[in-house]
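Written below as structure tokens is the structure these notes are about.
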Amino acid sequence: MAEQAVLGFLQTNEEISDSGEFAASVGIEHNDLVNVIKSLHGFRLVDAQDIKREKWVLTDEGKSYTVAGSPEVQFFLAVPPEGISRELLQKKVDSSVYKIGCSQAIKNKWVEMGKQHVLRKVQHVEDRVKDLLTRIHNEEAVVQKDIEDLKRRKMIALQTWKGYSLKKGPNYTLKRTKAATDLTREQLLRGDWKDLEFKEYNFSAQGQPTEGGHLHPLLKLFVQVREQFRKIFLEMGFEEMPTTNFVESSFWNFDALFQPQQHPARDSHDTFFLQVPSTTKKLPEDYVERVKRVHEVGGYGSKGYGYDWKRDDAEKNLLRTHTTAVSSRMLYLLAQKPFSPRRYFSIDRVFRNEAVDRTHLAEFHQIEGLVCDRGLTLGDLIGVLNDFFSRMGMSKLRFKPAYNPYTEPSMEIFSYHEGFKKWVEVGNSGLFRPEMLLPMGLPEDVSVIAWGLSLERPTMILYGIDNIRDLFGHKVDLNLIKTNSICRLGVQ
């Protein structure tokens, strides 16, 4: 309606001089008309020029004084001819009026303020302020000095009205047709495209800002820094073990590592056991028999654990609790061939059925390395560990005796953290026990040194995170992903 009113008027008239007056004459809200004018001007159907008018209008305070009178007159009228005490006058006059009215009444010499009483100095006054406000409301002329006084007293404010004057534009037409933005198959078949007006392409228009993807901090470790770990291992002559089997049997995860079946780590509170498929039958029978014997009665210089080993427990499927399950498979395959020294490593995910808290998750990433050769000793393990960690920028190491079911001796690895100014545990290590290696078929003079650490702990240290749930899971702060740089673990 508004659009047709504008275009129709301009068909027989040279211009619309004032959009406000035009809106009033045709019964259209001016704001609605302004939106139409902007659209018509954008398509050059009309040429619009800004016009602006300013006028003084009453504030809410000023409007109230046109009804109740100015503060000074309200104050004056509250003082009776015989006078009144200050205390009683303050109760009689509104607090918002008292201070302003008192000041202005004294300035106009209408009242005399004593220590205790207030007296009139005149008997009649005119409310000039109310009169001025009424004149401004009626858009009557007021001298500049009075305008300045009322503005200073915040009774009036300057209001700016914006509108347009209009003329026909270069693309003027009485009825606007919507320009087509796409050429369709149907238009081509019917020939409609010949009568269509197509919207011009703006080749200078900016598209939506693009934002590149961001790697999750943990993914940065797993993709970026993982390659740095791989580089270290490969430079040290290691080869990578396959770690694609997240599901393992209890045999390879526990029994082959000389871990007893009654060990607390096998409890359902620490391990995720599978319901489907719940068991596996594909186990090397001769090796299974040797493992059973060493668990029950010992061998190779060991007394064993002295219990009835159960095949059913060994066949249970689970989510691997450590990548050492991969190591046990690789060492068994190595023992089936003529022996040659090997260096293996793996970096992948493992699972523990633990309560989630600020330092523990149900899954994490484990880094594992092992060396298999003749005559290896604890000194060799310490030497390899110093070489490995120094390549990560961790040159200050300490070792503490520890217990593991499948390594003897065993050591916890500590590194001095310059930021924390203290020693921090960074991994575990040891020599695999003969009860684990000899049933596989490895020669008696062959030893295996091994160590492991997680990816998550270095991440928390280097990112300054004290709650692992802020790093991994649904509570991750997306800004952390966008703003943190790739962590390099000080690799040299």
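Note on Glu315 versus Arg311: salt bridge recorded, some NZ/NE/NH1/NH2 to OD/OE distance being below 4.0 Å. The pair Arg230-Glu240 meets the salt-bridge criterion, with a side-chain N (NZ, NE, NH1 or NH2) lying under 4.0 Å from an Asp/Glu carboxylate O.
Crowding of Asp308 atom CG: a count of heavy atoms from other residues, nucleotides or ligands under 6.0 Å not exceeding 12. Residue Gln49 places its CD atom among 12 or fewer non-hydrogen atoms of other residues, nucleotides or ligands, all under 6.0 Å distant. The number of heavy atoms from other shown groups lying within 6.0 Å of CD (Glu444) does not exceed 12. For OH of Tyr201, the number of neighbouring non-hydrogen atoms (other residues, nucleotides, ligands) closer than 6.0 Å is 12 at most. Residue Glu54 places its CD atom among more than 12 non-hydrogen atoms of other residues, nucleotides or ligands, all under 6.0 Å distant. The 12-atom threshold is not exceeded at CH2 of Trp193, counting heavy atoms of other residues, nucleotides or ligands nearer than 6.0 Å.
Counting only distance, with no hydrogens or angles, the side chain of Tyr172 and the backbone of Leu7 share a donor-acceptor pair below 3.5 Å. A side-chain donor-acceptor contact under 3.5 Å links Arg352 to the backbone of Thr321. With Arg320 contributing its side chain and Ala325 its backbone, the two residues share no donor-acceptor pair below 3.5 Å. At distances below 3.5 Å, not a single donor-acceptor pair connects side-chain atoms of Thr324 with backbone N or O atoms of Ser327. The backbone N or O of Tyr406 sits nowhere less than 3.5 Å from a side-chain atom of Asn404 that would complete a donor-acceptor pair. Although no hydrogens or angles enter the test, the distance criterion places a donor-acceptor pair under 3.5 Å between the side chain of Gln336 and the main chain of Met440. Asn317 places no side-chain N or O within 3.5 Å of a backbone atom of Leu274 that could act as its donor or acceptor partner. Between the side chain of Ser19 and the backbone N or O of Ser165, no donor-acceptor pair lies under 3.5 Å. Here the side chain of Asn171 pairs a donor or acceptor atom with the backbone of Phe43 at under 3.5 angstrom.
Listed by first then second residue, pairs satisfying ring-ring contact (aromatic ring centres under 6.0 Å, His included) with a partner in residues 371-392 read Phe233-Phe388, Phe388-Trp451, not counting sequence neighbours.
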- [ ] Go through the steps to decide whether Phe22 and Tyr164 satisfy the test ring pair (Phe, Tyr, Trp, His ring centres under 6.0 Å), and finish with yes or no.
- [x] CA-CA 10 Å; Phe22 179 78; Tyr164 298 93; over 10 Å; no
TODO: For side chain to side chain contact (heavy atoms under 4.5 Å, CB included), just list the numbers for Val448 and Met436, CA-CA rounded to whole Å, side-chain angles, deciding distance to a tenth of an Å, and then say yes or no.
DONE: CA-CA 10 Å; Val448 178; Met436 171 187 163; over 6 Å; no
- [ ] Test Trp423 against Lys396 for side chain to side chain contact (heavy atoms under 4.5 Å, CB included), laying out the working first.
- [x] CA-CA 9 Å; Trp423 293 90; Lys396 297 180 180 179; 4.0 Å; yes
Task: Stepwise side chain to side chain contact (heavy atoms under 4.5 Å, CB included) test for Arg374 and Phe339 - done: CA-CA 10 Å; Arg374 300 182 187 275; Phe339 178 76; 3.7 Å; yes
Task: From CA spacing to verdict: side chain to side chain contact (heavy atoms under 4.5 Å, CB included), Leu318, Phe272 - done: CA-CA 6 Å; Leu318 48 80; Phe272 289 107; 5.9 Å; no
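Between Ile449 atom CD1 and Cys372 atom SG the span is 10.0 Å, to the nearest 0.5 Å. Rounding to the nearest 0.5 Å places OG of Ser328 at 6.5 Å from CD of Glu248. The line from OG of Ser429 to CD1 of Ile382 is 8.0 Å long, rounded to the nearest 0.5 Å.
Checking Asp380 against Thr377 by side-chain atom types alone, a donor-acceptor pair falls below 3.5 Å. In summary, the side chains of Asp182 and Thr184 do not present any donor paired with an acceptor at a separation below 3.5 Å, with no hydrogens or angles considered. In the model, Trp252 has no side-chain atom that pairs as donor or acceptor with a side-chain atom of Asn245 under 3.5 Å.
In this pair, His295 and Tyr307 present their aromatic rings perpendicular. The plane angle is above 60°, beyond the 30 to 60° band.
Listed by chain and residue number, Lys316 satisfy the salt bridge (charged side-chain N to carboxylate O under 4.0 Å, His left out) test with Asp313 (two or more places apart in sequence, or in another chain).
Taking both residues in full, the closest heavy atoms of Ala23 and Leu33 are given as CB-CD2, 3.8 Å, listed atom of the first, atom of the second, then distance. Smallest separation of non-hydrogen atoms from Val291 and Asp255: CG1-O, 3.6 Å.
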